[in-house]
Amino acid sequence: MKTHHNNALRIEHVGERVVLTGFVARRRDLGNLVFIDLRDGEGITQLAFDSDNPLKDKASAIKSEYVLRAEGVVRERSSKNPDLPSGDIELDVDALDVLNTAKQPPMLIRDETDALEETRLRHRYLDLRRPRLQALMKLRHSITAATREFLNQEGFLEFETPILTKSTPEGARDYIVPSRLHKHSFYALPQSPQLFKQLLMSAGFERYYQIARCFRDEDLRSDRQPEFTQIDIEMSLIDQEAVLDLTERLVAHIMKATRGIEVKTPFPRIPYHEALSRYGTDKPDTRFGLELVDLSDVFAQTDFKVFHSVLESDGRIKAINVEGGAARFSRKDIEKDLTSEVAKYGAKGLLFLRAEAEGLKGPAAKFSTEEELTATAARMEAGEGDLLLFVADRVQTVNAALGHLRNVLAGKLDLIDADTFDYTWIVEWPLFEYDEDEGRYLALHHPFTRFPEKELDTLKEDPAAVGAFGYDLVAQGQELAGGSLRIHNAEMQREVFRALGIEEARQQERFGFLLEALEYGTPPHGGIAFGLDRFVMMLGKTDNIRDVIPFPKTQSGHCLLTGAPGDVDASQLNELGLKKDKHEK
RNA sequence: GGUCCUGUGGUGUAGCGGUUAACAUGCCAGUCUGUCACACUGGAGAUCGCGGGUUCAAAUCCCGUCAGGACCGCCA
């Protein structure tokens, strides 16, 4: 149907007879002269209709987003457009077919569209015509293609695992699918292929991967959709180093193949506890400083009531030194803007001190002794003009608040280089974390994570003290991938379930198939899973996950294009043995 | 479950107690031989998300509701 795409023709093609197709991006009708910008996924080529061209009237009747097929001869333009790759040439059209017409679009089909996201999602097929989204979809394809290329080369097999599967306790809320053949029984959509990939290891496939759709029925965010995609990898008969090494080489391959960027390996490693203490988070952005400094010991004997009571109830005092920040942030900036940022995470306040020639000054200074201020200045390495920001609270609150504030400050101070990819491993995770609300231990990674065998006794006495063979890959303050070595011994797995408070009967009901498989010689194994969507976001430089998914859901889980979720016919419910409950409106 | 922001011609915004509801863009018609965000002239186009309330009077204030967005909780 066509001979070239719309970003193919250049000055050297002048004189050639070609056929082009595409959407009408724009028509410029000068009366005796008509120009049409023809757009496809590759770019734009200008069609020209001179005053003596019999097609001129037909061309001037053409509207935006019509689909055209134009045949003619490439010619050099008499006035060139240096902003357009094909700007030296145009097509002198001698045959023009309108393949389809188009109504007036509800939005401008251009990168600089002014339409709200709501409008864009309602007409997503139009939104996707925009070069920006075309490029992001191509990037997504390039990343999955590079992934397959690399892993195939490394001897991995690509698998598909069930979408209709079984609900498992622990973790996120499941999406549930009613079974027609077994009334009042339900499938669940997988939160990840975790158990199936472990069973494939048991089956003797030593290297597995899958570009896997995962489903979690939890609230949405700008980087979270109810269905998302993982690059899921599992290997047997390996140690942790093998997984990290493979992952680093995969990332390096993807970066090179998609963006032409060389990344340095191996990636730096930060132990989990160090990440929390220095950055307040397990996914630190290491592209800038502003690290958290613990001052609890400096104020151990303080008379300052706020600090004193926090320390007495086992809390912490930590601070960030904003170098040169004293002049940059006014008292009002701190007490309104910055304080509201830490308040989101439950911090009751944000104290500040300015470093001046005579020492630390600020509203909080008068509650502190000279020694405390001097020690603080020294610990914080405060120089004249610096601003110290303090939060005193429960350690979780301090870390969450200052960890977030750190990112906010870096943004305000323009400390972040968007072209730096600070791939970092977070290693040495604890196996469990105590959950105050539920009053029990929860797996920090997941309940199938392996730990050193010699810690079996610790597991029974002090579960929180057990270290796990877990690892997360972090870059630009985002968790990109996470994984672990898995438990391959049934007894060890039962111990973990026990520590999590899952009773024997429930273990059997929910995980019996796994426990059984572990009893039939499952080889030691481990793996990792990438959040593909977040990877595309990072490489595509967008902070909106909807930009990297062709048909995403809104924050309330609607698909504005199809109207899902929607009603079903009574007969459909009937077949399933389900009835609607009257719920109050 | 919670906090905050936003719904006004096709699209994006302004207006924030009395307006002929304004502007830009798109759309329609006309003029125009080198445009490329073509230019110029004219024109059509709005139940101000929905429901209720306050008021002599509501796009504007209040309550509710629906929709979109950001965030907290949640997301092993």
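Labels below follow one simple rule: chain letters A, B, ... track the order of the sequence lines, proteins then strands, and each chain is numbered from 1.
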Does a side-chain N or O from [X] land closer than 4.0 Å to OP1 or OP2 of [N], or not?
X: R122(A); N: rU11(B); answer: no
X: R77(A); N: rC36(B); answer: no
X: K80(A); N: rG34(B); answer: no
X: S222(A); N: rC71(B); answer: yes

For nucleotides 38-45 of chain B, give me every protein contact, N/O to N/O, under 3.5 Å, one pair per line with atom names.
unit_1  : atom_1 : unit_2 : atom_2 : d
rC38(B) : OP1    : R26(A) : NH1    : 3.0
rC38(B) : OP2    : R26(A) : NE     : 3.1
rC38(B) : OP2    : R28(A) : NH1    : 3.0
rC38(B) : N4     : D29(A) : O      : 2.5

Check RNA chain B against residues 209-221 of chain A and give the residues with a non-hydrogen atom under 4.0 Å, in numerical order. R216(A), E218(A), D219(A), R221(A)
Please determine whether a side-chain nitrogen of the Lys or Arg among [X] and [Y] lies less than 4.0 Å from a carboxylate oxygen of the Asp or Glu.
X: R224(A); Y: D533(A); answer: no
X: R39(A); Y: E65(A); answer: yes
X: R216(A); Y: E218(A); answer: no
X: K283(A); Y: D472(A); answer: no

Test your reading of the model: is there a side-chain donor-acceptor pair from N81(A) to the backbone of D83(A), 3.5 Å cut-off? yes
5' priority, RNA chain B, between H558(A) and S192(A) [closest heavy atom]: H558(A)
If you find the nucleotide of RNA chain B closest to D52(A) and the one closest to E118(A), which residue's nucleotide is nearer the 5' end? D52(A)
Heavy-atom neighbours of [X] [atom1] exceed 12 at 6.0 Å:
X: D543(A); atom1: CG; value: no
X: Y187(A); atom1: OH; value: no
X: K336(A); atom1: NZ; value: no

With rounding to whole Å, what would you report as the distance between rA37(B) and rU11(B) at their C1' atoms? 16 Å
Quantified in whole Å, what is the P atom distance between nucleotide rG9(B) and nucleotide rA57(B)? 26 Å
Side-chain donor/acceptor of [X] to base of [N], under 3.5 Å:
X: R75(A); N: rG34(B); answer: yes
X: Q104(A); N: rU11(B); answer: no
X: E90(A); N: rG34(B); answer: yes
X: S51(A); N: rU33(B); answer: yes

Across the strands shown, which category fits [X] at heavy-atom distances under 4.0 angstrom: base, sugar-phosphate, nothing?
X: L444(A); answer: sugar-phosphate
X: D83(A); answer: nothing
X: T554(A); answer: sugar-phosphate
X: S79(A); answer: base

Result of checking R486(A), Q194(A), Q198(A), Q210(A) against E234(A) for side-chain hydrogen bond (donor to acceptor under 3.5 Å, both in side chains): R486(A)
If only side-chain N and O atoms count, and only distance matters, is there a donor-acceptor pair under 3.5 Å linking E170(A) with H446(A)? no
Any strand counts, and the cut-off is 3.5 Å on both contacts for Watson-Crick or G-U wobble. Which nucleotide pairs with rA21(B)? none
Does any nucleotide pair with rC32(B) by Watson-Crick or G-U wobble geometry, both distances under 3.5 Å, and what is it? none
